[in-house]
Amino acid sequence: MARVESSGDGARLVSWPPQRYERRRQTWYYSACLTITVHTVPFAPRFRVHVSTQVRRWATRLDVRPHQLGGATVLLDAPLPWPEGPDRGHRLMVNTLGYDRRSKELAWRRHSPAPLVPELDIVRNYPRPEALFSDPERWINGPGDVTAGIVYHPSIGPHEVGPGLMPRERADLDAWVEEGLRPLLTRVPDLTRVSRSNTPSLLPRSGAGRVPGVRDAQLALQRRAALTRALHGRPLEIDVFWQSPETRAALLAELPKLIGLPAGQQVSSADGETWQWQCEGVDIRVRARPAGPLADALPTTRARGGLRAVRLAEAIEGRCGLVADRADPLLGGAGVVITEIAGKERFAAVPDSDPKHALRIAWARQGRLTQFVNSPDDTDSALEHRAKWTWLDVFRQMGAISPPAHRVGAGIPGNLQYVALWLVRHTRKGPTRCRVHRLVAVRVRPGDGPGVVEGWDAERAEWVPYPELLLLLSQVREPAASGGKETGTGKLVDDSAARGGPRPAARPGVEQDRQRETERQIRTLLFQLRDRPTLLLADAGNLRQCWPGLRNGALDRDTLGFGAEPAQRHTLYGHDLRVLLVRDANARGEVAEWYAHDTEDGVGFAEGVWGTADTEGRVFASTASKPHTVAKLPKGLMKLAPTAQGRIAPGKTAWNPGQLEITVLGCLSEKALTGSGRAGDPPDRPAEWATLAHQLRYHDDYPPLARPLPLHWARLAGEYVLPVAGTKSAGSTSSAS
């Protein structure tokens with residue numbers, strides 16, 4: 001039977017009691033879960049109800065210590081104090097179990113209802129936190145008529161039930177929901193394919209009739225050409241700080257393979273620490289040294305008093321000093337540092353002790369980009385695979401990358417440039433415990449050749465190379481502290497707030513100021529893009545907070561709205577401007593789940609661009625193919641009702657490629673052309689621009705991406721937005737943007 005679980009953003013139906021899966025001499029528990037949410041759709045006057053399906057797994061043991069449990073969701077199934085109420089026997093109570101650092105014991109947290117009525121009656125009680133933690137399986141089966149389940153999370157240990165549901169199961173549940181809601185709600189019409197051009201011009205993979213190694217050689221030549229273009233004749237100086245000889249050897253072996261450097265042209269130093277390659281305009285120098293204390297945990301203190309961000313900033317400054325002592329000056333070249341560090345789980349016991357962000361800040365001050373690789377003991381992936389992806393991300397940070405040529409057709413201008421916007425938002429829970437809002441813009445001009453990726457420098461109002469953008473983003477700082485205690489925005493407050501007294505209200509107009517500044521930057525940026533056809537890409541879920549004109553209720557075809565002003569024709573911001581919005585589930589089910597079916601009742605997945613006529617051809621769905629690394633599963637597996645042939649089905653991971661919603665907000669439609677005095681020009685076909693955005697999710701070096709490549713690079717640039725709270729020792733007076 002199903003039970004209702006209420007949540008802040010919708011409601012869930014959970015099958016209860018859980019199903020069992022016997023594996024490795026242990027019982028593992030799981031349930032079917034349907035999440036129901038309500039959402040709006042661009043240009044549509046009516047709301048939609050999304051029903052997503054998944055497997056909810058339950059913890060049977062916790063492979064963590066009590067003080068490491070930050071907060072685990074617990075669902076309680078118990079008789080209610082009002083047995084004759086409408087919810088009798090149909091609802092699970094949501095609670096949060098976690099470690100209370102004040103009382104130094106496990107406790108119910110975040111307004112859990114369990115402590116409000118701890119005794120059901122004179123005989124029965126809710127489970128005590130320590131009892132539930134020590135034996136979760138006992139409470140799943142329930143002593144008496146009180147049961148409880150801890151929702152599984154990977155941080156608490158392994159689980160033998162794989163995540164996800166199979167397409168057939170998803171289809172069956174979908175039909176069950178449709179039947180139950182009819183006629184109150186009707187399902188949205190099926191989407192149909194709008195293009196057969198699913199991918200850009202990618203190199204064919206090795207297969208029957210293909211010579212082994214040809215594709216790898218072609219990829220190596222492409223990467224080396226892009227790297228040569230990005231370096232502009234400068235040498236590339238790479239420092240590798242390693243902790244295990246295996247990682248060091250793997251990195252040195254993988255680099256020449258990825259960019260086609262002949263092994264015979266490698267020059268090694270006598271001390272065995274330095275290697276150099278020179279080939280066709282590429283000059284790469286690698287120096288490998290033990291990481292030593294650079295990769296140690298940050299020496300944070302748990303002393304009471306003082307702002308957490310300031311204490312972390314002091315630890316960061318200490319690591320910056322250590323880096324400065326180890327850094328060699330850059331002699332006119334580009335610098336990259338690769339550091340082997342332990343996995344983040346190693347630092348989970350002591351908050352703010354992970355050195356990753358401190359090292360990124362420290363090396364950026366030395367003019368060097370950074371990349372990290374986990375030690376072999378802290379990951380299950382193969383060392384060669386991790387070394388490859390380490391170097392590929394180094395090339396990405398160098399700007400040595402370019403989208404493949406599209407295969408959409410002649411409707412796309414040949415000199416088109418791509419511009420992607422991404423808003424970095426950190427709260428006081430962010431990586432450096434400082435608030436910040438920072439707009440990141442990335443521009444790609446494929447027609448200018450490989451290795452031409454740039455970023456927008458808002459201070460100078462100009463485009464700079466992508467590596468320079470990353471270093472500039474790392475320079476954001478918070479103001480220095482003096483006297484009182486700082487808030488997360490750098491403002492000084494009376495000590496009574498820190499002692500637990502009344503907290504001051506937020507400064508009026510802060511959100512409005514951020515909105516106006518973000519919109520001002522976007523308008524300034526658009527003015528700089530008028531020299532050639534431009535495709536502006538934005539993630540609506542990411543940007544609408546500071547650009548309310550991107551909210552579904554404010555969207556109007558071929559217009560852009562800023563602030564309280566009336567929306568204007570988008571061509572006023574660029575004669576050949578197109579604007580595309582993308583949106584994913586955004587952890588809230590904003591985009592519906594999907595499956596594909598044919599006329600013969602076959603169910604599965606399919607890649608492509610899909611649309612329907614109910615929004616006049618402006619809203620599309622992009623579905624990507626499975627990565628070639630994902631294992632193929634036998635057809636007909638059922639996890640919720642395993643058959644005799646598929647008894648191990650619950651242990652399989654069901655891959656479900658997410659849907660990306662693509663909204664063609666602004667294009668050169670007949671109306672837009674008429675409004676801008678170009679009525680005789682041929683209009684755009686919105687489906688072609690949606691297909692272009694879909695093809696931008698593909699690259700020879702990557703599996704299909706969640707977003708188009710320019711947006712992917714803009715989002716990753718946000719990893720360098722690491723504001724540091726001001727400290728007396730740092731003496732900084734600049735503030736975060």
Side-chain angles (χ1 to χ4, degrees), residues 5-13 33-54 56 163-165 170 173-174 177-178 181 185-191 420-425 427 536-557 561 579-596 605 608-612 614-624 655-665 686 690 693-694 696-697 704-708 711-712 714-715 718:
E5 171 201 343
S6 299
S7 64
D9 55 356
R12 294 187 180 91
L13 287 177
C33 180
L34 275 66
T35 302
I36 305 168
T37 52
V38 178
H39 300 282
T40 57
V41 181
F43 314 130
R46 299 179 179 179
F47 66 85
R48 289 183 181 175
V49 177
H50 290 173
V51 180
S52 59
T53 56
Q54 56 269 327
R56 168 153 285 182
L165 290 175
R170 199 178 303 278
L173 287 171
D174 181 63
V177 171
E178 180 184 4
L181 296 179
L185 296 174
T186 58
R187 66 177 297 138
V188 175
D190 290 349
L191 303 179
L421 303 179
W422 187 265
L423 183 68
V424 181
R425 296 173 293 175
T427 66
L536 181 68
L537 294 160
D539 187 304
N542 166 259
L543 203 55
R544 64 191 174 210
Q545 182 184 26
C546 284
W547 189 0
L550 298 187
R551 294 171 180 167
N552 285 339
L555 295 180
D556 191 12
R557 295 173 181 82
V579 182
L580 265 63
L581 305 180
V582 302
R583 183 170 65 145
D584 58 13
N586 201 22
R588 299 172 61 245
E590 291 190 27
V591 176
E593 289 185 335
W594 67 282
Y595 58 89
F605 297 124
V609 186
W610 314 81
T612 182
D614 65 345
T615 55
E616 298 182 13
R618 289 297 188 98
V619 182
F620 302 88
S622 166
T623 59
W655 180 263
N656 182 28
Q659 177 193 151
L660 184 69
E661 180 187 86
I662 301 175
T663 301
V664 183
L665 176 60
H694 169 79
L696 283 171
R697 298 178 62 185
L705 296 171
R707 299 175 181 86
L711 264 176
H712 177 72
R715 184 184 66 85

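Since the model is a prediction, treat every value here as computed from it, not as a measurement.
Legend: residues meeting ring-ring contact (aromatic ring centres under 6.0 Å, His included) with W422, ordered by chain and number and at least two apart, are absent. In this structure, the ring-ring contact (aromatic ring centres under 6.0 Å, His included) partners of W594, at least two apart in sequence or on a different chain, are F605.
Residue A621 comes nearest to Q659 through the heavy atom pair CB-OE1, 3.3 Å, listed as atom of the first residue, atom of the second, then distance. Shown here for A420 and L711, the closest heavy-atom pair between the two residues is CB-N, 3.5 Å. Between P657 and A624, the shortest heavy-atom distance links the atoms CB-O, 3.7 Å.
Taking 4.5 Å as the limit, some side-chain heavy atom of L555 sits within range of a side-chain heavy atom of L581. Contact annotation: the side chain of L421 approaches that of L543 to within less than 4.5 Å [non-hydrogen atoms, C-beta and beyond]. No side-chain heavy atom of R557 sits less than 4.5 Å from a side-chain heavy atom of V664. Taking 4.5 Å as the limit, some side-chain heavy atom of F620 sits within range of a side-chain heavy atom of P686.
Taking 4.0 Å as the cut-off between side-chain N and carboxylate O, E5 and R56 count as a salt-bridged pair. In summary, E661 and R618 do not engage in a salt bridge, as defined by a charged side-chain N under 4.0 Å from a carboxylate O. Using a 4.0 Å cut-off between charged nitrogen and carboxylate oxygen, D539 and R715 do not count as a salt-bridge pair. R187 has a carboxylate O that lies under 4.0 Å from a charged side-chain N of D174, or vice versa, which qualifies the two as a salt bridge.
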Run the side-chain contact (heavy atoms from CB on, under 4.5 Å) check on Q545 and R425 step by step: do they pass? CA-CA 10 Å; Q545 182 184 26; R425 296 173 293 175; 2.5 Å; yes
Could you walk me through whether R588 and T37 pass side chain to side chain donor-acceptor pair (under 3.5 Å), step by step? CA-CA 8 Å; R588 299 172 61 245; T37 52; over 6 Å; no
I'd like to know whether N552 forms a side-chain contact (heavy atoms from CB on, under 4.5 Å) with R583, so could you lay out the CA-CA distance, the side-chain angles of the two residues, the decisive distance to 0.1 Å, and finally the verdict. CA-CA 11 Å; N552 285 339; R583 183 170 65 145; 3.5 Å; yes
What do the steps show when you test V591 against L660 for side-chain contact (heavy atoms from CB on, under 4.5 Å), and what is the final call? CA-CA 7 Å; V591 176; L660 184 69; over 6 Å; no
With side-chain contact (heavy atoms from CB on, under 4.5 Å) as the test, would you mind laying out the steps for L536 and L580 before giving the verdict? CA-CA 6 Å; L536 181 68; L580 265 63; over 6 Å; no
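Remark: the backbone N or O of A585 is not paired with any side-chain donor or acceptor of E590 at under 3.5 angstrom. Judged by distance alone, with hydrogens and angles left aside, the side-chain atoms of H50 form no donor-acceptor pair with the main-chain N or O of I36 at under 3.5 Å. Proximity of a side-chain donor or acceptor of R48 to a complementary backbone N or O of T40 within less than 3.5 Å is not detected. Here the side chain of R170 pairs no donor or acceptor atom with the backbone of Y595 at under 3.5 angstrom.
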